[in-house]
Amino acid sequence: MSEYKKEGGMIRGIPHDTIESSLPILAVFVAILVAVGGIVEIIPAYHLEDSEPNVEGVRPYTPLELEGYAIYRREGCFLCHSQMIRPFRDEKERFGHFSLAIESGFDHNYQWGSKRTGPDLARLGGKYTDAWHIQHLRHPRSVVPESVMPNYFFLEERKLDTSLTKRRMEVLAMMNVPYSADDIANWEADLKAQAGVDDGDGEDDLRARYERKTWEHDGKVIQWTDSFEPTELNVRAFDGDASDITEMDALVAYLQMLGTSVHFEEGVDYYHDKFGQPYRE
Amino acid sequence: MSSVAKKEEYNYDIVKFCVIVGIMMGVLGTFIGTWIASELAFPFLNFDIAEISFGRLRPVHTNVVIFGFGGFLLYGGGLYMVQHATHARVRFEKVAWAAVILWLIGCLCVVATLPFGMTQAKEYHEAEWWIDIILALSWVCMTISFLGTIAARKMSHIYVGLWFFMTMLFMVTYIFVFNGLCIPVDFTFSYSAYAGIHDAMTQWWWGHNAVGFFLTAGFIGIMYYFVPKHANRPIYSYRLSVLHFWSLTFLYVWVGAHHLHYTAIPDWTLSLGAGMSVALIFPSWGGMINGMMTMSGAWDKIRTDPVMRFMVVALAFYGMSTFEGPLMGTKSVNALSHYTDWTVGHVHSGALGWNAMIAIGAMYHMITRMWNTEMWSAKLVNTHFWVHLTGAIFYITAMWGSGVLQGLMWRAFDEYGNLVYTFADSVAAMHPFYALRATGGFLVFCGFCIMLFNTLKTVSAVKAGTNVTLTAEARA
């Protein structure tokens, strides 16, 4: 260490001796320098309008799907399953169209994941039947012998805890998720209607709320074109039992809607054109 | 560097506490790691218990090894280094103790909540908001005490190891606070303040800089004190340390974007991340070379001293994984490696090779100096070295093999343009690699058990007065 001290002083005109002899100077330099990269890489995406090209169809989760999302998070599914398809030929063949930024625009937090121990789930919705999902979640190896996924049969045995559902929607509405006061007030009716436990009484209201074309939040209106038909909601007893709502109902409802909101069309460049505008004309 | 008389004025109690807890965290973290690795090889090990299923337990492993083991090494090693390098007793001792106790409480809360599914679902930042607050308070206390001690230094210059440590303290505060911003739903659930691409970018700004600052800048700081001290040689180049300090401090921050190549993040951000990742090899290798060359004139020690060997091999792994990192940070390589086990292998070549080995070396060094004793068994230190190294190599090579194989299987097309393999085929192909990985992890766990046993024996020998004290030369 003695040699190191003697050597100190000017380095290419910079009085490093002064910097490293003063805690305040060193601290200020460091504090500023480490902040730069993050500021440059994170903040512009909020202001450049081509960061999140606007595409019609992406809506907030219904109360039941929202509970499914919470179970997906709770079980750590994202640690083995990504929800982000990259624009490669093999991924398109295997999983479908590459993921768009807007498709996870209401996910606080995002579920892209970083590892595929299992396949990507970004466009899982509608790919398999409910019965397949239930059997697969119960005992994955009974349908996919090579699988290393844990068994999740307990989801079927657990009644869905809905004590937080309303609060979840309120919290999301405080951020950028366009739930209206009406959506939040009717959370319970919508939840029951989608899980098919109300003999179909609330289905029309539920569809009116979540198949609508105008979403308003904080004065900002998302308006889809008249000719656009939003994806139909899945409304049924997902676990095959209409007598009560289980965690299986919620998770399958969530899995069955993944990636189904945007209607992809051949020949449309979803990457580049028409920023800020719906893609259909 | 300092006289023996001075050393008695230092607060070693707090460092001793951190080192012992740190080793225990190492045992626990590698045990859980071995368990979850085995679950992937043999899924029946989930035992149909939700709380120990892979998805719930994997964050417990990462948190215990990073924040438990790594954190207590940084706290203990940092407090040891700052006292020795400033010749001042740690300032605001109660604040420093508060930092250590809060950190322990935070870590225990993490272990107690994650298996029950209370997670923010942000990688390496899984703990819910109220645990974040405990950990953040601890970090602030540590910063106050650490900077306070530097301010009380008995010489004009601040030692280079302390610069790196300071960089870590600042940057980890930024990333931890901003990535942790959320709105709580209740004590068990919160929603991130960011969504979609913004959340992804903020997450990997955190994720890669937890690596870049917590596991690199902090550990480089540790290296800058313990390698020259243990080799009893001065740091090779002062100028190189200045250069690589400022460049590492500036560059690391940018590279998180390479975790998101080809995703929906704006392309300019990703290109910036890729470019900076490649550039990062220079500051990284600057540190590696400076550490390695410090061994000049003391290379004979790696033959006789297993602690020195831990440190040198750690530097070799650091050089290797910081070569691999820029490679994987480029888009074309990342297209293959992303989502595969290669990433896991890369992380573990850093974690088992670099972080764990420099930490273990520094811990053995501190134990012998603080208790003024030889280790109870020098042979066991040597055994620990070989067991750990073998385990690490098993682990890393298994993951390299499986990662590249996965990447190639996923993108294989036959002559008719159809995919050759189903996804399930690639999962089946992983089995032997997963079994080998679990074996490697088990060896690393065994190494930590040996270390804990040897350390406890050493401390009890000191208490019983049956130990061999260090020679004056070793104590200097």
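In what follows, every chain begins at residue 1, and chains take the letters A, B, ... in the order their sequences are listed. What you see is a predicted model, and the numbers here were worked out from it, not measured in a lab.
Close placement of the A:Y46 and B:H198 rings is indicated, their centers lying within 6.0 Å of each other.
Distance check: B:W204 CH2 to A:I42 CD1 gives 13.5 Å after rounding to the nearest 0.5 Å. B:I183 CD1 to A:M174 CE: the interatomic distance, rounded to the nearest 0.5 Å, is 4.0 Å. Atom CG of A:L26 and atom NE2 of B:H157 lie 11.5 Å apart (nearest 0.5 Å). Atom-to-atom distance recorded for B:I265:CD1 and A:E52:CD is 9.5 Å, nearest 0.5 angstrom. Separating the CE atom in B:M171 from the CG atom in A:L33 is a distance of 10.5 Å, to the nearest 0.5 Å. Atoms CE and CG, on B:M409 and A:D90 in that order, are 12.5 Å from each other to the nearest 0.5 Å.
Heavy atoms of A:R141 lying under 4.5 Å from chain B belong exclusively to its side chain. Neither the backbone nor the side chain of B:F42 has a heavy atom closer than 4.5 Å to any heavy atom of chain A. In this structure, chain B has a heavy atom under 4.5 Å from the side chain of A:C80, while its backbone stays farther away. Looking at A:E103, neither its backbone nor its side chain comes within 4.5 Å of chain B, counting heavy atoms on both sides. Using a 4.5 Å cut-off between heavy atoms, A:L48 contacts chain B through its side chain alone, with no backbone atom that close. Residue A:Y72: no heavy atom, backbone or side chain, is found under 4.5 Å from chain B. Heavy atoms closer than 4.5 Å to chain A are found in both the backbone and the side chain of B:H338. No part of B:T173 comes within reach of chain A, as not one of its non-hydrogen atoms sits under 4.5 angstrom from that chain. Proximity to chain B involves both the backbone and the side chain of A:S51, based on heavy atoms less than 4.5 angstrom apart. For B:N46, the part sitting under 4.5 Å from any heavy atom of chain A is the side chain, from C-beta outward, and nothing else. Looking at A:I102, neither its backbone nor its side chain comes within 4.5 Å of chain B, counting heavy atoms on both sides. Neither the backbone nor the side chain of B:F164 comes within less than 4.5 Å of any heavy atom in chain A. Contact of B:A41 with chain A is not made at all, since no heavy-atom distance falls under 4.5 Å. Using a 4.5 Å cut-off between heavy atoms, B:W410 touches chain A through backbone and side chain atoms alike. Both the backbone and the side chain of B:F423 come within less than 4.5 Å of a heavy atom in chain A. Of the two parts of B:N209, neither the backbone nor the side chain holds a non-hydrogen atom closer than 4.5 Å to a non-hydrogen atom of chain A. Of the two parts of A:M175, only the side chain, counted from C-beta on, holds a non-hydrogen atom closer than 4.5 Å to a non-hydrogen atom of chain B. If you measure heavy-atom distances from A:V177 to chain B, you find no contacts under 4.5 Å at all.
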* Residue pair B:E123, A:S114: steps toward the side chain to side chain contact (heavy atoms under 4.5 Å, CB included) verdict -> CA-CA 9 Å; B:E123 269 188 271; A:S114 61; 2.6 Å; yes
* To do: Step by step, work out the side chain to side chain contact (heavy atoms under 4.5 Å, CB included) result for B:Y191 and A:N109.
  => CA-CA 6 Å; B:Y191 281 114; A:N109 63 350; over 6 Å; no
* To do: Report the C-alpha separation of A:T117 and B:F54 in whole Å, then their side-chain angles, then the decisive distance to 0.1 Å, and conclude whether the side chain to side chain contact (heavy atoms under 4.5 Å, CB included) test is met.
  => CA-CA 11 Å; A:T117 303; B:F54 182 87; 5.7 Å; no
* Asked: Going through the distances and angles, do B:D341 and A:K115 end up as a side chain to side chain contact (heavy atoms under 4.5 Å, CB included)?
  -> CA-CA 8 Å; B:D341 287 322; A:K115 177 72 178 46; 2.9 Å; yes
* Take B:W246 and A:H16, measure what side-chain hydrogen bond (donor to acceptor under 3.5 Å, both in side chains) needs, and give me the verdict at the end. => CA-CA 11 Å; B:W246 290 109; A:H16 209 269; 2.8 Å; yes
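Contact between A:A27 and B:F170 at its shortest, heavy atoms only, is O-CE2, 3.2 Å. The minimum heavy-atom distance linking A:H108 with B:Y194 is given by the pair ND1-O, 3.1 Å. Minimum heavy-atom separation, B:Y339 to A:S82: CE2-CB, 3.4 Å. Here the closest non-hydrogen pair linking B:S53 and A:Y152 is OG-OH, 4.2 Å. Considering all non-hydrogen atoms of both residues, B:G273 and A:E41 come closest at N-OE2, 3.9 Å. Of all heavy-atom pairs between B:T263 and A:M84, the closest is CG2-CG, 3.5 Å.
In terms of heavy-atom pairs under 4.5 angstrom with chain B, the leader among A:G105, A:G76, A:S104, A:P119 is A:P119. Ranking B:M276, B:R153, B:Q406, B:H261 against chain A, the residue ahead of the rest is B:R153, based on heavy-atom pairs under 4.5 Å. Between chain A and the residues B:L419, B:L272, B:T269, the largest count of heavy-atom pairs under 4.5 Å involves B:L419. Contact tally against chain A (heavy-atom pairs below 4.5 Å) for B:P59, B:A412, B:A193: the top residue is B:A193. For the options B:L260, B:T343, B:T249, heavy-atom pairs under 4.5 Å to chain A are most numerous at B:T249. Ranking A:L23, A:D107, A:I85, A:I19 against chain B, the residue ahead of the rest is A:L23, based on heavy-atom pairs under 4.5 Å. When each of A:V148, A:V144, A:N176 is scored by its heavy-atom pairs under 4.5 Å with chain B, the top score falls to A:V148. Ranked by non-hydrogen atom pairs under 4.5 Å with chain A, the options B:V427, B:L251, B:I197 are led by B:I197. For chain A, the option among B:Y434, B:W268, B:F178 with the highest count of heavy-atom pairs below 4.5 Å is B:W268.
A cation-pi arrangement is present between A:R73 and B:F189, with the terminal nitrogen or guanidinium carbon under 6.0 Å from the aromatic centre and inside a 45° cone about the axis. No cation-pi contact links B:R411 to A:F88, judged by a cut-off of 6.0 Å to the six-membered ring centre and 45° from its axis.
Other residues, nucleotides and ligands contribute only 12 or fewer heavy atoms inside 6.0 Å of the CZ atom of B:F187. Counted within 6.0 Å of NZ on A:K166, heavy atoms from surrounding residues, nucleotides or ligands total 12 or fewer; the atom is thus considered open.
A 4.5 Å side-chain heavy-atom check between A:R74 and B:R56 finds at least one atom pair inside the cut-off. Looking at heavy atoms from C-beta onward, B:F250 lies out of side-chain contact with A:V34 at the 4.5 angstrom threshold. By the 4.5 Å heavy-atom criterion applied to side chains, B:V160 and A:E20 are not counted as neighbours.
With B:Y174 contributing its side chain and A:A31 its backbone, the two residues share a donor-acceptor pair below 3.5 Å. Of the possible donor and acceptor atoms, none in the side chain of A:R116 sits under 3.5 Å from a partner among the backbone N and O of B:T340. B:D199 places a side-chain N or O within 3.5 Å of a backbone atom of A:Y110 that can act as its donor or acceptor partner.
No hydrogens or angles considered: nothing links the side chains of A:E91 and B:Y262 as a donor-acceptor pair under 3.5 Å.
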